[in-house]
Number of protein chains: 2
Amino acid sequence: MKNQMECEERLKKSGLKTTKSRKAILDILIRSNQPMAVEQIFLLLKENQININLSTVYRTLESLENKDLVTKISLMDDDRMLFEYNQLGHRHYLVCVTCKKIITVQNCPLGSYERVLENETRFNIIGHKLYLYGYCENCQRSNDGI
Amino acid sequence: MKNQMECEERLKKSGLKTTKSRKAILDILIRSNQPMAVEQIFLLLKENQININLSTVYRTLESLENKDLVTKISLMDDDRMLFEYNQLGHRHYLVCVTCKKIITVQNCPLGSYERVLENETRFNIIGHKLYLYGYCENCQRSNDGI
DNA sequence: ATCTAAATGCAAATGGTTTGCATTTGCAAA
DNA sequence: TTTGCAAATGCAAACCATTTGCATTTAGAT
């Protein structure tokens, strides 16, 4: 399948050894197409009969992050770290505060704003995190009922 | 001093009892005018001969947050929570990835963008978190030297 | 002044994450 | 292919910010 190729290729390019753990974890993140909690990844591995120690999952994700294959993010009201496959370009998240559903937002209104800020602050701005939150369509309906 | 008044007044309005802990912690946050880590607050209290148990500091901050007197935020690469006095309006942060200095950005480019997104996604958007990061003027200079 | 719910101190628990160390494994060089 | 070794892994214990249970104290209403 296509994923397999993408996994191994990107691992090889990164200089990391291509191990069972790394292939499996990267594959899961590519497939998920969503930020995932470490525990979630760990359990999904187990379901697929792939037994990898939880601390190895953490270490693997750390390696992958160092090589920019995945990105670590933290959302509000959730003290766990989430990881997602590092798509080209960048994305933002719209999170439902009720059911925690995450919607990915592709376009970003901040490019020109960063340039303005750089002039004002003399910072060299290299990136940003933007999380929007609110109530998704479903949860709006449920709340009406209360 | 002006702070004292502001502290007590806002505590009274919130419906919380005005205790030594709450006055002291709110005062520190008002004075700091910057997000602070819990441990930082705790140590600053101790320096000022005000002995408050660490768990009380946590509980106090939680109460203050529930009454919207302070705001809890988490920055990247820092798994501690930060708290800041809740100014009117809202602010964003520009964080130096090297020295961790935080600059507060007053204006926000996201108002109209949220309306657009609401139409696209059917979410009812109630807020957002925006953190920008990069290298501050000082750290840019230091890096040149390397 | 009295009473009661709320606030606090203290110590122990929690839970996500990290680490030390012994063992295994990928992969480059022979 | 085989060998050698640094890198990766498993396991259990440590870490550390945060939370909690419970006994005691306190703010503020009556």
Side-chain angles (χ1 to χ4, degrees), chain A residues 4 7-28 35-46 49-67 69-83 100, chain B residues 4 7-28 35-46 49-67 69-83 100:
Chain A
Q4 298 289 348
C7 274
E8 305 223 11
E9 201 173 323
R10 293 206 60 178
L11 280 173
K12 203 156 282 176
K13 275 190 192 159
S14 75
L16 291 173
K17 291 184 181 173
T18 57
T19 66
K20 177 186 83 169
S21 309
R22 291 183 179 151
K23 276 187 289 188
I25 291 174
L26 196 52
D27 185 60
I28 283 183
M36 293 182 76
V38 180
E39 193 77 17
Q40 244 181 310
I41 297 172
F42 177 68
L43 292 176
L44 194 48
L45 286 165
K46 193 170 273 177
Q49 334 291 344
I50 303 175
N51 270 49
I52 299 178
N53 192 279
L54 181 57
S55 66
T56 301
V57 177
Y58 275 103
R59 279 191 280 227
T60 300
L61 289 167
E62 194 189 349
S63 309
L64 295 176
E65 199 207 359
N66 288 337
K67 298 299 183 181
L69 297 189
V70 306
T71 305
K72 177 162 69 169
I73 65 179
S74 71
L75 301 183
M76 17 174 351
D77 295 330
D78 190 347
D79 44 1
R80 302 169 308 171
M81 304 307 301
L82 306 184
F83 289 83
K100 311 297 180 195
Chain B
Q4 298 289 347
C7 273
E8 304 223 11
E9 200 173 321
R10 293 207 61 179
L11 281 173
K12 204 157 279 178
K13 275 190 192 158
S14 75
L16 292 174
K17 290 185 182 174
T18 56
T19 65
K20 176 186 82 168
S21 311
R22 289 180 181 154
K23 276 187 287 186
I25 291 174
L26 195 52
D27 184 59
I28 282 184
M36 292 182 77
V38 180
E39 193 75 19
Q40 242 181 312
I41 298 171
F42 177 68
L43 292 177
L44 194 49
L45 286 166
K46 192 169 275 178
Q49 333 293 344
I50 304 175
N51 269 50
I52 300 178
N53 193 280
L54 181 56
S55 67
T56 301
V57 177
Y58 276 103
R59 278 190 281 227
T60 300
L61 288 167
E62 194 188 351
S63 307
L64 294 177
E65 198 206 359
N66 288 337
K67 297 299 183 181
L69 297 190
V70 306
T71 305
K72 177 162 69 169
I73 67 179
S74 70
L75 301 183
M76 13 173 354
D77 295 330
D78 190 346
D79 44 2
R80 302 169 308 171
M81 304 306 301
L82 306 184
F83 288 84
K100 311 298 181 194

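Naming: A, B, ... by sequence-line order, numbering from 1 per chain. When reading the values below, keep in mind they use all heavy atoms of this one structure, side chains included, and skip hydrogens, waters and symmetry mates.
The NZ atom of B:Lys46 sits 13 Å away from the C1' atom of C:dG9 (whole-angstrom rounding). Note: NZ (B:Lys20) to C1' (D:dA27) measures 14 Å, nearest angstrom. Per the geometry, CG belonging to A:Leu64 stands 11 Å off P belonging to D:dA8, to the nearest Å. If you measure from atom CD1 of B:Ile52 to atom C1' of C:dC10, you get 15 Å, rounded to the nearest angstrom. In this structure, B:Leu61 places its CG atom 14 Å from C1' of C:dT8, rounding to the nearest Å. For the pair A:Lys23 NZ and D:dA8 P, the interatomic distance rounds to 15 Å; values are reported in whole Å. Atom CG of B:Asn66 and atom C1' of C:dA6 are 14 Å apart (whole Å). Between the CD1 atom of B:Ile25 and the C1' atom of C:dG9 there is a distance of 13 Å, given to the nearest Å.
When A:Ile25, A:Leu26, A:Leu61 are each tested for a side-chain contact (heavy atoms from CB on, under 4.5 Å) with A:Leu69, only one passes: A:Leu26. For the side-chain contact (heavy atoms from CB on, under 4.5 Å) criterion with A:Glu65, the lone passing option out of A:Thr71, A:Thr60, A:Val70 is A:Val70.
The CD1 atom of A:Ile28 lies 4.0 Å from the CG atom of A:Leu44; values are rounded to the nearest 0.5 Å. From A:Glu62, atom CD reaches atom CG of A:Asn66 across 5.5 Å, with rounding to the nearest 0.5 Å. Taken from CG in A:Leu11 to NZ in A:Lys23, the straight-line distance is 8.5 Å, to the nearest 0.5 Å. Here B:Arg59 contributes atom CZ and B:Ile52 contributes atom CD1; the two are 12.5 Å apart, rounded to the nearest 0.5 Å.
Side-chain contact between B:Ser14 and B:Arg10: absent, with no pair of heavy atoms (C-beta onward) separated by less than 4.5 Å.
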Salt bridge (Lys or Arg N to Asp or Glu O under 4.0 Å) evaluation trace for B:Arg80 with B:Glu39
CA-CA 9 Å; B:Arg80 302 169 308 171; B:Glu39 193 75 19; over 6 Å; no
Taking it one step at a time, do B:Lys67 and B:Lys13 satisfy side-chain contact (heavy atoms from CB on, under 4.5 Å)?
CA-CA 10 Å; B:Lys67 297 299 183 181; B:Lys13 275 190 192 158; over 6 Å; no
Please determine whether side-chain contact (heavy atoms from CB on, under 4.5 Å) holds for the pair B:Met81 and B:Ile73, giving the CA-CA distance in whole Å, both sets of side-chain angles, and the decisive distance to 0.1 Å.
CA-CA 6 Å; B:Met81 304 306 301; B:Ile73 67 179; over 6 Å; no
Going through the checks in order, is the side-chain contact (heavy atoms from CB on, under 4.5 Å) test met by A:Leu82 and A:Val38?
CA-CA 7 Å; A:Leu82 306 184; A:Val38 180; over 6 Å; no
Expected string for nucleotides 12-23 of chain C under the B/S/- scheme (protein heavy atoms, under 4.0 Å, primed atoms plus P, OP1, OP2 as sugar-phosphate) is ----SBBBB---
Can you check nucleotides 27-29 of chain C for protein contacts, nitrogen or oxygen pairs under 3.5 Å, and list what you find?
residue, atom, partner, partner atom, Å
C:dC27, OP1, A:Thr18, N, 2.9
C:dC27, OP1, A:Thr18, OG1, 3.3

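For the helix from C:dA1-D:dT30 to C:dA30-D:dT1, the axis fitted to the five pairs at one end and the axis fitted to the five pairs at the other end meet at an angle of 40° (nearest 10 degrees).
Contact annotation: B:Thr60 side-chain N/O to C:dT8 OP1/OP2 distance is under 4.0 Å. The side chain of B:Asn53 places an N or O atom within less than 4.0 Å of a non-bridging phosphate oxygen (OP1 or OP2) of C:dC10.
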